[in-house]
Amino acid sequence: MSDCIFCKIANKEIPTDLIYEDENVAAFNDLNPQAPVHFLVIPKKHYASLNEIDSSEVLGNIFSAVPKITKKLGIKEYRTVINTGESAGQTVFHIHVHVMAGRKFNWPAG
Ligand code: AMP
Ligand code: ZN
């Protein structure tokens, strides 16, 4: 999508330090971190939200990248979050998984 900021990051139209990249996904640090470690994993292909996902492949690509990245960072405990829709806190409508670590997280999430 031409006006999607995460598509632009994935396409390298916006220069961003990627902490991980493969054929299908990219990961980069969140601009406004909510924990000492806070990065996002996105599929390179545009899906506005989890509601647009109709196969396990995309989620498999995203989630299988997570332990590769956390291992590289030496992290064993972390929280993963997908916000879907405005009331759930989604602000960027290109599906992404938040991965946060380095502090204690409360449950239920606020
Ligand atoms: P959400 O609210 O779940 O849609 O999460 C969107 C996240 O994207 C927020 O945590 C933002 O801080 C983050 N974000 C927005 N623009 C950028 C950007 N250009 N680079 C990195 N993170 C971003
Ligand atoms: Zn996009």
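Counting starts at 1 for both ligands and their atoms, in listed order. Hydrogens, waters and symmetry mates are skipped; everything else that's a heavy atom, side chains included, is used.
Between the side chain of Ser55 and the backbone N or O of Glu57, at least one donor-acceptor pair lies under 3.5 Å. Judged purely by atom type and a 3.5 angstrom limit, Lys72 uses its side chain to pair as donor or acceptor with the backbone of Ile19. No side-chain donor-acceptor contact under 3.5 Å links Arg79 to the backbone of Lys104.
Protein residues lining ligand 1, listed by chain and number: Ile5, Phe6, Ile9, Phe28, Asn29, Asp30, Leu31, Asn32, Leu40, Asn83, Gly89, Gln90, Thr91, Val92, His96, His98 [non-hydrogen atoms, distance under 4.0 Å].
Contact of the Leu40 side chain with the Val99 side chain is not registered, since no non-hydrogen atoms from C-beta on lie closer than 4.5 Å.
Nearest heavy-atom pair across Gly85 and Gln90 is N-OE1, 2.8 Å. Looking at every heavy atom in both residues, Asn32 comes nearest to Asp30 through N-OD1, 2.8 Å.
The cluster map of Ile, Leu, Val, Met, Phe, Trp and Tyr, joined by side-chain heavy atoms under 4.5 Å apart, puts Leu50 and Val92 in different clusters.
With ring centers used as reference points, Tyr78 lies 6.0 Å or more from Phe39.
Ring geometry, His94 versus Phe6: the interplanar angle exceeds 60°, so the pair is classed perpendicular (tilted spans 30 to 60°).
Inside a sphere of radius 2.8 Å centred on the Zn ion (ligand 2), the protein N/O/S atoms present are Cys4 SG, Cys7 SG, His46 ND1, His94 ND1.
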